[in-house]
Amino acid sequence: MLMAPLALVSGDAGDAPSDAALVARARAGDRSATASLYARHVERVRRIVARIVGVGPELDDLVQDAFVAAFRRLSSLRDASAFGPWLDAVSVGEARHHLRAQARRRWLSFRAPSDVPDVAAPSLLDPARDAAKAATSILSSMPTDLRIAFSLRRVDGRSLEEAASMCRVSLATFKRRMQRADAFFQERARDHAALAHYFSETTT
């Protein structure tokens, strides 16, 4: 097993400041603390945003927006030790804002049905890619809150409780959203041959 050179080890992992300590410093205007919080949590934010909106040229900007929103609202965080889960919820909120804005832009630039390109037939060479494209197409047409619920639960594998907390809704509300999201997805998946062998009846 490879080990880090001793010269690069600056101390035990326990020497790193806690999130709570960094939050306290960030609230006091310490920019190095905000930089440390960013470095520590940027990948978790990237994962959440990518699961919800997909990977594209806007992903890095959305990750930045999530952190900007979080640092602006830092004073509203009651439990500084819960910065991570709180940041998750902020990230979901920013992703929701992006999807809704995207939907408005799509509506304003709506094209006549005759102008919409035909969906390509599934490829025999790369069924996994075709299934991913079909799933993405369905998610793109799903109402925003249902898409977020589906992405967190089915794509990212979050527990019901964790996903509900990230969406800042009750567990009962999240379960209802999941039921609607699953029904929406399954109904449309039947129209995609690429998904025929990937999706069966799903339970929450």
Side-chain angles (χ1 to χ4, degrees), residues 19-20 22-23 26-27 37-38 40-56 58-107 132 134-189 195 198-204:
D19 278 354
L22 290 174
V23 167
R27 283 172 169 167
L37 286 169
Y38 176 89
R40 181 175 294 179
H41 294 283
V42 63
E43 289 308 318
R44 77 186 289 162
V45 172
R46 184 182 302 277
R47 171 174 172 160
I48 291 169
V49 175
R51 289 291 192 269
I52 294 173
V53 307
V55 177
E58 74 279 7
L59 179 58
D60 286 340
D61 287 341
L62 293 175
V63 171
Q64 293 289 335
D65 289 345
F67 276 100
V68 169
F71 291 137
R72 283 177 177 171
R73 304 173 197 165
L74 207 53
S75 61
S76 68
L77 175 59
R78 296 182 180 179
D79 181 2
S81 64
F83 176 79
W86 176 80
L87 179 62
D88 291 345
V90 173
S91 301
V92 169
E94 288 301 305
R96 178 185 292 110
H97 175 76
H98 171 76
L99 290 177
R100 287 179 171 170
Q102 189 178 60
R104 288 194 295 270
R105 290 194 298 271
R106 187 181 300 119
W107 174 254
T136 298
S137 175
I138 296 173
L139 287 176
S140 296
S141 65
M142 191 178 287
T144 299
D145 285 337
L146 302 191
R147 175 175 176 172
I148 291 172
F150 190 94
S151 297
L152 293 176
R153 178 70 174 147
R154 301 298 179 211
V155 181
D156 205 28
R158 304 278 179 166
S159 69
L160 287 168
E161 294 78 9
E162 183 180 17
S165 177
M166 292 170 69
C167 292
R168 292 175 173 166
V169 297
S170 69
L171 181 59
T173 295
F174 187 83
K175 286 181 176 179
R176 287 194 294 271
R177 287 183 183 178
M178 277 307 308
Q179 290 174 348
R180 292 167 57 198
D182 282 337
F184 185 104
F185 192 91
Q186 290 177 34
E187 179 181 355
R188 286 155 180 79
L195 295 174
Y198 284 80
F199 297 97
S200 58
E201 188 168 351
T202 309
T203 59
T204 57

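These numbers come from a predicted model, not from an experiment.
- Summarising the geometry, atom CG belonging to Leu37 is positioned 4.5 Å from atom CG belonging to Leu22; distances are rounded to the nearest 0.5 Å.
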Going through the distances and angles, do Asp145 and Arg100 end up as a side-chain contact (heavy atoms from CB on, under 4.5 Å)?
-> CA-CA 10 Å; Asp145 285 337; Arg100 287 179 171 170; 3.3 Å; yes
Under 3.5 Å, sequence neighbours excluded: what are the donor-acceptor pairs made by side chains of residues 63-75?
from, atom 1, to, atom 2, distance (Å)
Gln64, NE2, Tyr38, OH, 3.0
Arg73, NH2, Glu94, OE2, 3.4

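- One distance of note links CE of Met166 with CG of Leu87; it measures 9.5 Å at 0.5 Å rounding.
- Side-chain contact check for Arg154 versus Asp182: some heavy-atom pair is nearer than 4.5 Å.
- Between Val49 and His98 there is no side-chain heavy-atom pair separated by less than 4.5 Å.
- Here the closest non-hydrogen pair linking Glu58 and Val53 is OE2-O, 4.5 Å.
- Put simply, the side chain of Ser165 never gets that close to the backbone of Glu161: no donor and acceptor are under 3.5 Å apart.
- A search for side-chain contact (heavy atoms from CB on, under 4.5 Å) contacts involving Asp61 returns nothing, not counting sequence neighbours.
- Closest heavy-atom contact between Ala89 and Arg168: CB-NE, 3.4 Å.
- Distance check, rounded to the nearest 0.5 Å: CD1 of Ile148 to CD1 of Ile48 gives 11.5 Å.
- Closest heavy-atom contact between Leu59 and Gly54: CD1-O, 4.3 Å.
- The line from CZ of Arg47 to CG of Asp88 is 10.5 Å long, rounded to the nearest 0.5 Å.
- Within the 3.5 Å criterion, the main-chain N or O of Ile52 finds a donor-acceptor partner in the side chain of Arg147.
- For Arg180, the CZ atom is loosely surrounded, since the number of other residues' heavy atoms within 6.0 Å does not exceed 12.
- The nearest pair of heavy atoms linking Phe184 to Ser141 is CZ-O, 3.3 Å.
- With hydrogens and angles ignored, the 3.5 Å screen pairs a side-chain donor or acceptor of Arg153 with a backbone N or O of Arg158.
- Annotation for Cys167 and Arg177: closest pair CB-NH1, 4.4 Å, computed over non-hydrogen atoms.
- Summarising the geometry of Ala164 relative to Leu171, their closest heavy-atom pair is CB-CA, 4.1 Å, with the distance given to 0.1 Å.
- Leu139 CG to Arg188 CZ: the interatomic distance, rounded to the nearest 0.5 Å, is 11.5 Å.
- How far CZ of Arg46 is from CG of Leu62: 10.5 Å, rounded to the nearest 0.5 Å.
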